[in-house]
Amino acid sequence: MAEELARIHGYDNIEAKMPKIFMQAPFKNYERKLETDVRNIISSSLAMSEVSNYSFVGEEQLKILGVDDSGYIKIANPITSNHTMLRQSLATNLFGNVKKNQAKFDSIKIFEIGKVYLNIDSDLKKTNDNDENLPLQEKRLGILFAGDKTEIYLDMKGAISHLIASLGLGSCKFCSREKIYYWSNERYMTEIRISDKVVGIINVLDSRVARKMGIKKEVAMAELYMPELLKLVETKGEIVYRQTDKYPAMQRDLAFVLDESITYESIKQEIQGFHEFITSVDLFDEYHGDKLGESKKSLAFHVTYSADKTLESKEVDEIQAKLLKHFKEKFEATIRDF
């Protein structure tokens with residue numbers, strides 16, 4: 001019909017126009033962007049290989065790791081005996097990757113982004129007809145290092161620090177934690193914290209458990225919580241670039257002994273706001289030990305001074321002395337001397 005009307009009206013009488021196409025910017029999926037950024041950082045900067053495992057585990061796997069499977073979600077019709085439950089950690093199958101590949105490589109560096117399934121209700125309904133909720137599905141990032149050297153735990157901490165910094169989240173803290181996993185070496189159980197929020201954990205596979213699994217290498221395993229990282233990425237704001245300082249900066253190190261109840265963030269903000277010449281404050285060490293006394297901790301910072309002039313050492317030393325006096329009065333802080 002339209003063609004007939006155009007022919008009767010005359011094709012030459014119809015003005016030629018480009019069709020109108022209304023374009024709209026695509027919806028920003030911040031979760032997907034975070035996953036892409038994490039993959040790019042880990043695969044390129046850290047030269048690691050990505051793996052993709054099944055979301056299932058078996059009773060025998062968990063038994064060797066000393067994990068109680070009573071809280072796991074059982075599969076109604078499992079295909080094999082190794083796939084009878086939904087996983088609650090990425091570690092189980094990543095250990096399996098090491099066992100299968102250890103004979104082929106001197107060192108193994110792998111990571112996986114995948115879901116774990118916790119036996120608690122989420123906000124999602126099973127169907128529209130009832131009030132039952134689906135189990136909570138949480139996305140996590142698993143990073144595993146396996147090799148023959150004992151410094152593998154330190155390598156893992158370095159990789160995590162690099163990832164956090166590359167995501168624009170600044171620095172992270174590594175704090176000791178109470179034992180959660182039977183398979184973990186008690187000396188290396190660590191929480192990963194950003195602004196006093198726990199975003200993940202690091203564990204080293206205990207040698208006796210490794211032997212039961214047939215693993216002959218040292219293994220360090222980190223598991224980070226993607227929802228927590230996403231919250232921090234969304235609230236960090238845009239990266240703002242500033243001109244390089246015209247005059248050279250000066251750096252001083254400060255190590256305070258404080259009460260454990262005082263947070264890292266409050267100390268950092270107090271230092272940054274103390275003087276206009278203090279341009280950056282970075283935590284580089286946290287220490288807990290008998291030498292400090294009960295309920296005490298030590299926080300060590302790199303403090304950078306810069307101004308629109310060349311600073312003299314005497315000038316910076318005076319500010320530093322006033323800063324120490326201020327912290328002694330406000331926080332009852334002392335300088336760590338060992």
Side-chain angles (χ1 to χ4, degrees), residues 153-154 156-177 190-200 202 229 232-233 235-237 239-242 244-245 247-338:
Y153 171 73
L154 299 178
M156 178 62 74
K157 288 175 68 175
I160 298 298
S161 296
H162 176 80
L163 172 63
I164 298 301
S166 299
L167 290 173
L169 299 177
S171 60
C172 61
K173 297 189 296 181
F174 300 101
C175 309
S176 60
R177 65 182 180 90
T190 306
E191 281 183 348
I192 306 165
R193 291 177 175 265
I194 302 175
S195 301
D196 291 324
K197 293 182 179 178
V198 179
V199 299
I202 300 176
L229 288 178
L232 292 168
V233 168
T235 56
K236 73 176 181 180
I239 297 175
V240 178
Y241 295 93
R242 64 180 180 87
T244 304
D245 292 331
Y247 299 94
M250 300 185 71
Q251 191 176 81
R252 293 286 189 273
D253 290 345
L254 282 174
F256 294 109
V257 178
L258 306 146
D259 191 271
E260 279 192 337
S261 61
I262 301 173
T263 63
Y264 146 78
E265 197 64 36
S266 62
I267 296 297
K268 180 179 179 179
Q269 290 176 3
E270 193 73 24
I271 298 174
Q272 285 179 327
F274 184 76
H275 198 279
E276 61 180 337
F277 289 172
I278 297 177
T279 54
S280 70
V281 180
D282 296 308
L283 179 74
F284 70 89
D285 182 59
E286 179 174 353
Y287 174 76
H288 299 260
D290 297 335
K291 293 182 180 181
L292 299 177
E294 189 176 353
S295 301
K296 295 290 184 179
K297 67 180 177 182
S298 172
L299 299 178
F301 297 89
H302 294 307
V303 182
T304 304
Y305 295 83
S306 64
D308 292 331
K309 64 175 184 177
T310 301
L311 291 172
E312 297 181 1
S313 295
K314 181 180 178 181
E315 196 173 7
V316 174
D317 292 340
E318 288 177 356
I319 299 173
Q320 192 94 334
K322 292 178 181 178
L323 177 62
L324 297 176
K325 182 180 178 181
H326 172 72
F327 267 74
K328 185 176 181 180
E329 294 173 351
K330 183 167 183 177
F331 299 105
E332 297 183 357
T334 58
I335 294 298
R336 178 179 164 187
D337 56 1
F338 62 88

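Here the structure is a predicted model, which means the values were calculated and not measured.
Nearest heavy atom pair, residue Thr190 against residue Arg177, reads O-NE, 3.5 Å. Residues Ser298 and Leu292 come closest through the heavy atom pair N-CD1, 3.6 Å. In terms of heavy atoms, Leu283 sits closest to Ser171 at O-OG, 4.3 Å. Closest heavy-atom contact between Met156 and Ile202: CG-CG2, 3.9 Å. When all heavy atoms of Cys172 and Ile160 are compared, the pair lying nearest together is SG-CG2, 4.3 Å. Heavy atoms only, all atoms of each residue included: Thr310 and Tyr247 are closest at OG1-CD2, 3.5 Å.
For the salt bridge (charged side-chain N to carboxylate O under 4.0 Å, His left out) test, residues two or more places apart in sequence or in another chain that qualify with Lys309 are Glu315. For Asp282, there are no salt bridge (charged side-chain N to carboxylate O under 4.0 Å, His left out) partners, not counting sequence neighbours. With sequence neighbours excluded, no residue forms a salt bridge (charged side-chain N to carboxylate O under 4.0 Å, His left out) with Lys297. Partners of Glu191 according to the salt bridge (charged side-chain N to carboxylate O under 4.0 Å, His left out) rule, which considers only residues two or more places apart in sequence or in another chain, are Arg193.
The line from CG of Leu232 to CG of Leu167 is 10.0 Å long, rounded to the nearest 0.5 Å. From Glu318, atom CD reaches atom OG of Ser313 across 11.0 Å, with rounding to the nearest 0.5 Å. Annotation: the span from Glu294 atom CD to Asp259 atom CG amounts to 10.5 Å, rounded to 0.5 Å.
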Determine, stepwise, if the pair Ile335 / Lys328 fulfils side chain to side chain contact (heavy atoms under 4.5 Å, CB included). CA-CA 9 Å; Ile335 294 298; Lys328 185 176 181 180; over 6 Å; no

Side chains of residues 248-257: which donor-acceptor pairs under 3.5 Å do they make with residues two or more places apart or in other chains?
residue: Arg252; atom: NE; partner: Asp317; partner atom: OD1; Å: 3.3
residue: Arg252; atom: NH2; partner: Asp317; partner atom: OD1; Å: 3.1
residue: Asp253; atom: OD1; partner: His302; partner atom: ND1; Å: 2.6

With a cut-off of 3.5 Å and sequence neighbours excluded, list every side-chain donor-acceptor pair involving residues 270-280.
residue: Glu270; atom: OE1; partner: Lys330; partner atom: NZ; Å: 3.0
residue: Glu270; atom: OE2; partner: His326; partner atom: NE2; Å: 2.7
residue: Glu270; atom: OE2; partner: Lys330; partner atom: NZ; Å: 3.3
residue: His275; atom: ND1; partner: Phe277; partner atom: N; Å: 3.0
residue: Thr279; atom: OG1; partner: Thr304; partner atom: O; Å: 3.3
residue: Thr279; atom: OG1; partner: Ser306; partner atom: OG; Å: 3.3
residue: Ser280; atom: OG; partner: Thr304; partner atom: OG1; Å: 3.0

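For the pair Asp285 and Arg336, the minimum side-chain heavy-atom distance is below 4.5 Å.
When Ile194, Val199, Leu163 are each tested for a side-chain contact (heavy atoms from CB on, under 4.5 Å) with Leu169, only one passes: Ile194.
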